[in-house]
Structures are given as structure tokens and as C-alpha cells.
Q: 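Submitted below is the structure of interest, expressed as C-alpha cells.
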Protein chains: 2
Amino acid sequence: MTAKSSARQDIHNSEIPVLCRSCEARHRGICGAMTPEQLLKLSKHTRRTLKDTDANLIVAESKATQVSNILRGVVKLTKIMPDGRQQIVGLQFAPDFLGTPFGEYNNVDAEAANNVQLCSFPKAILEEMIHESPELEHKLHQQALKQLDEAREMMLTLGRKTAAEKIASFLYMLAIHLDPEIDHETEQVEFELPLKRADIADYLGLTIETVSRQITKLRKDGVVQIENNRLFKIPDIERLKARGES
Amino acid sequence: MTAKSSARQDIHNSEIPVLCRSCEARHRGICGAMTPEQLLKLSKHTRRTLKDTDANLIVAESKATQVSNILRGVVKLTKIMPDGRQQIVGLQFAPDFLGTPFGEYNNVDAEAANNVQLCSFPKAILEEMIHESPELEHKLHQQALKQLDEAREMMLTLGRKTAAEKIASFLYMLAIHLDPEIDHETEQVEFELPLKRADIADYLGLTIETVSRQITKLRKDGVVQIENNRLFKIPDIERLKARGES
DNA sequence: CGAAGGGTTGATCTCTGTCAAGTCTAGTGG
DNA sequence: CCACTAGACTTGACAGAGATCAACCCTTCG
């Protein structure tokens, strides 16, 4: 189906560009705040791209010209010190918005934690559309507030939790985000770890050795089961949650 | 001058409510995004209050009904774990906005770090006004983004810096925020510490003993001079900055 | 097969937390 | 006016959580 054919019909859903139809960003992301006309306009400037693990998506201090929706995968936002010490300051999951909506320069680096699919478009288009519909700014504002919340929760974790608690609450957070069918609390939760040990260390303010040791401890205590180093099964999610205190 | 008399005139500045005239929140805070009519409307619902050190301003999990501008002083935003471990997740300086603009419940505690003056009003009024003028939401959005930035900078500090670096970058941040005349880099910077040692510890993820020792070290190294435990003089701000790495 | 990347495990060290005692100041009451 | 107390802060001795250093395993890939 082409843009032309969808433009011809005026029935509710069909004005929406083909590519956007089944896109998560339209349901839970910022595109939900756009009119069909805006989506159509936007879709003329979007480009879908695939990025491999550790690919650079945004470079801090660079001029911010492109913004994106994350369609698949996990993106790490990082800060780095002159001597190389690194801290992951945010993890973003599909269908989050990725970019610096206002402000000229990016203030964090962003790279793909695993394989990532993006839907990118020029920042100028976004700003134009915000001007037209305040609802879009509201959506971005909401996401900023959510991220602020997460950042503050993370500050508690970084400042006050033990290594064991950090790992447990991190895995709990991942389980909530990544297991698609986690409504029925009773059932076993399972997910594939999108980060390598070094990333987890950079996220939790630890070393890879400490991360490894604490995960081993959780495994030996039966709180998690691990296959292939990356597939995590959690028989009792509440037990994992309890290990993270808070 | 009464509201009546100010309503009569239509010359530029005089429509602005008396109380707001010299208020910082109008210049650097969110009130700058309001029309004189909005200010007038808002001023009918505002209440100025003074709060002593450690007074509770916002209780987490409580329903958010009031929001405020901070007119004077410093506010700590804190998170606390069931066992009492505490982390300050944000410091807010006049004329910052304080409150949960959307979302029904507060998700942090807020208390006065020193003596604080607030200008408070019902959240409902704010929401009404946001509805009328998108510019106001933009202002709130901007502040959220700024706080997100600060939170992420703080995550790097908490996760990766040593105690010595934490203290130095904290003092540097305070100097930037609190010394009114810090344009001429060459001159001596000086400020009164708004936090007690216990607060600094809760902010930096340390203990009061470590905080004390590191401050003593900075004093012995001549990086800072201290009078009365609270008045800090910094002969060479760049030297302090360098101690915080980053 | 060899090399490289990711992960684990052990031995040791060190930074920061813990425990404890002591100083200094401001405020209170006799 | 001075002793007494409480809170904020400092300092010292010691201990422990997590970092560092080093060796090793496992899988993948050319």
C-alpha cells in the first residue's frame, strides 16, 4: 500500500502511513500525540536504520540534528571522565524517544547495548510539529519526567545500596521491562540480558568482577537460573525484588 | 497599591501584581512565561510561607495538591529506604519550581536545607494555566530537562568518583550556584554552606566522617578556607574544579 | 588451530565505613 | 554569670566491602 492509496481513503485508521501502522511508537511513544496529517508529514522524512551492538548513536558535545524513536533494542546513555571512567546514566527501551529535543548540543553519549532499530528524523521537523501541537510537547515532557524519576531512583541505588542490592534491583528492573507476559505474578519470568557484564558494571558503579561474583551468588542461591550467560529465568520474582531492598 | 489600581492601568509593567514585581521567579523562574493577567489570577491564590531548616515541604507518596516557587533558600529532595538509608536526589535553589506538575502523587520527599521562603499555590490553578498557555508547559519542560541533566551528572559522581572528587565537585557546584558575583574568574569566591555535614553525606553517598575528613584535607591543602564551619572561601576556583576531575 | 572477546574465580590491597572518643558552639536554666 | 546539655563537627583506630591484579575457562570466528 502506498502513501497515495492511503491518502485517498478517509476512514479513520487508513490515513496513517503504512510504516507507522503497527509501530509501537504510535501506541506507547511520542507519535501517539500526532495527527494522521502530522504522521504523514513526518513519515516523509523518517529513515529506519539498524545498529549493531556498541554502535555510536549520539556523541556528546556534538550538535544535535537528528532525533529518533527506538523501535527495537536497548540504548545506553553514558558519561565518561577524561581518564576513562565511565557511567551509564540511563537505559532506554523501545519505544522510547531518543535525542535532545531542545538545547543545541547533546550532553550524553548514546550507544546501542544490543542490536537496535531506530526511526530517525531531523530535529527541525520535530520542533516545527511541537509548535503546531502542544500535545506533542506534553508527551516529551512526560517522558522527561519519567526519566527524571528513574534517574533519581538510580541515584539512591548508586549512593546507598550494596553491590548485592544493586545487582538484584537491576535484574528486577530488567525483568519488568523485558518480559512481555509479566502480568500473572505467579509465573516464571524470563528474559535475555541485553547488556554485557562490563555494561552492567558501568551502570551500577561497580567492576565487572564484582558484577560477576554477585550474579554467581544469586545463581547459587537459586534466585535466578542462567543459560548461555545471557538467558535469565527467575522462578520467584518477588524473591528477586526483596533482594534489592528499597 | 491594590489589585484594583493595577487593573486600571494598562501601561506595560504596572499590570503586574505588586508581590510579583521584584520576584526572581518572574525573571528566571516559571512565572516569566505568564501573562500579566495570569499573574494577577495566580496571585489571588498564592501564599508566601517561611520554613525552618529541616521542615518538611513535601512528603513522598502523599497526594500532590500544592506546588511552589522557591523564593529563598535551598531545598533537598530525598529518597529513603525502609531501613533508613537516605539519599538526596536533588538540590533546588531559588527561584526553582518545586512540585509534581503532572502525576497525582509525589515521588520524593522535600525538606528545607536551610531557611526557605516559598510562594505556594494549588496545583489545579497551575494545570488550568498550562492549558491556556503552552509556553508555561515549555518552561516546566525546560526545568525538567535541566534537572535530568543534573541528575545524570550526579550519577557519574555517585558511581565513579572517589570521596575526594565528590566533595570537590560538590563544593564547586555550590560555588557556582551561590556566589552572586562569580563572573570575574580571577577573584576569590565565597559562600555560606547551606547544608550540614550529614546532608552532604546523604547527597554524595558517603558518611559524615568521610565528608569531614575530605573537607579537612581540602582545608589543609589550602584549596578552601573555612570560617565558623559554614563560611567557605575559595582562593582559586579552578584549583577546586580540578580536584573534582570530570 | 590460534586469537580475541566475554565471563569466572582467587588472592590481596585499599578506600571508605564503623565504632568510639573528644572538641566546639549555642542555648538553657539555676 | 557560670555550669550543663545537645547538636554539629572532628579525629583516631580498626574492619570490611569492593577494587585491583592475575590466572583461567569457554565460545566464536577467521
Side-chain angles (χ1 to χ4, degrees), chain A residues 52-55 76 81 83-87 111-115 157-168 170-171 192-221 224-232 243 245, chain B residues 52-54 76 81 83-87 112-115 157-168 170-171 192-221 224-232 243 245:
Chain A
D52 286 340
T53 302
D54 287 334
K76 351 170 218 173
M81 293 173 67
D83 65 1
R85 280 175 283 175
Q86 199 168 15
Q87 175 69 40
E111 49 189 59
N114 51 9
N115 291 339
T157 297
L158 288 169
R160 292 304 187 196
K161 289 190 186 175
T162 63
E165 289 165 348
K166 284 177 177 179
I167 294 289
F170 167 71
L171 291 176
E192 193 181 323
L193 196 65
L195 306 184
K196 53 186 88 159
R197 300 291 187 270
D199 291 331
I200 302 176
D202 283 346
Y203 188 53
L204 298 174
L206 301 171
T207 59
I208 55 175
E209 293 92 334
T210 301
V211 169
S212 179
R213 279 187 252 268
Q214 294 299 336
I215 291 180
T216 299
K217 187 153 189 306
L218 283 179
R219 185 168 45 69
K220 285 186 176 159
D221 291 356
V224 302
Q225 288 146 27
I226 307 173
E227 285 169 27
N228 286 328
N229 264 338
R230 286 293 184 104
L231 183 62
F232 278 62
R243 295 262 180 148
E245 284 285 305
Chain B
D52 287 339
T53 301
D54 286 335
K76 350 169 220 174
M81 291 173 67
D83 65 1
R85 279 175 285 174
Q86 200 168 13
Q87 176 69 40
N114 52 10
N115 291 339
T157 298
L158 289 169
R160 291 303 186 197
K161 289 190 185 174
T162 65
E165 290 165 346
K166 284 177 178 181
I167 294 289
F170 167 71
L171 291 177
E192 193 182 321
L193 195 66
L195 305 184
K196 53 187 86 159
R197 300 289 186 272
D199 291 331
I200 301 176
D202 282 345
Y203 188 52
L204 298 174
L206 301 169
T207 59
I208 54 174
E209 293 93 333
T210 300
V211 170
S212 180
R213 279 187 255 267
Q214 294 299 337
I215 290 180
T216 299
K217 186 152 189 308
L218 283 179
R219 184 168 45 70
K220 285 186 176 159
D221 291 356
V224 302
Q225 288 147 26
I226 306 173
E227 285 169 26
N228 287 328
N229 264 337
R230 286 292 185 104
L231 183 63
F232 278 62
R243 295 263 180 147
E245 283 285 308

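Here is the naming used below: chain letters follow the sequence lines, and residue numbers restart at 1 for every chain. Treat the numbers as computed from the prediction; the structure is a model and nothing was measured.
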Q: Whole angstroms only, please: what is the CG-C1' distance between B/Asp202 and D/dA8?
A: 15 Å
Q: What's the CD-P distance between B/Glu227 and D/dA8, to the nearest Å?
A: 22 Å
Q: Assign each of A/Ala163 and B/Leu193 to its nearest nucleotide of DNA chain D by heavy atoms, then name whichever residue's nucleotide is nearer the 5' end.
A: B/Leu193
Q: Of the non-hydrogen atoms in B/Gly205 and B/Lys166, which two are nearest, and what is the gap between them?
A: O-NZ, 3.9 Å
Q: B/Gln87 vs B/Met81, test: side-chain contact (heavy atoms from CB on, under 4.5 Å). Steps then yes/no.
A: CA-CA 9 Å; B/Gln87 176 69 40; B/Met81 291 173 67; over 6 Å; no
Q: Applying side chain to side chain donor-acceptor pair (under 3.5 Å), name anything that partners B/Arg160, two or more places apart in sequence or on another chain.
A: A/Asp202
Q: Using whole Å, report how far CG of B/Asn228 lies from C1' of D/dT10.
A: 16 Å
Q: To the nearest Å, give me how far apart CZ (B/Arg230) and P (C/dT25) are.
A: 15 Å
Q: To the nearest 0.5 angstrom, please state how far the CG atom of B/Asn228 sits from the CG atom of B/Leu193.
A: 12.0 Å
Q: How many Å lie between NZ on A/Lys161 and C1' on D/dA17, as a whole number?
A: 17 Å
Q: Measure from NZ on B/Lys196 to C1' on C/dC24 and round the result to the nearest Å.
A: 17 Å
Q: Distance from A/Gln225 atom CD to A/Phe232 atom CZ, nearest 0.5 Å?
A: 11.5 Å
Q: Specify the separation, in whole Å, of atom CZ of B/Arg160 and atom C1' of D/dG18.
A: 12 Å
Q: Take A/Arg85 and B/Glu165 through the salt bridge (Lys or Arg N to Asp or Glu O under 4.0 Å) test and state the conclusion after the steps.
A: CA-CA 13 Å; A/Arg85 280 175 283 175; B/Glu165 290 165 346; 2.8 Å; yes
Q: Where do N or O atoms of nucleotides 8-11 of chain C meet protein N or O atoms at under 3.5 Å, pair by pair?
A:
residue, atom, partner, partner atom, Å
C/dT8, OP1, A/Arg197, NH2, 3.3
C/dT8, OP2, A/Arg197, NE, 2.8
C/dT8, OP2, A/Ser212, OG, 2.8
C/dT8, O5', A/Ser212, OG, 3.1
C/dT9, OP2, A/Thr216, OG1, 2.9
C/dG10, N7, A/Arg213, NH1, 2.8
C/dG10, O6, A/Arg213, NH2, 3.4

Q: Using whole Å, what does the distance between atom C1' of nucleotide C/dC24 and atom CG of B/Leu231 come to?
A: 17 Å
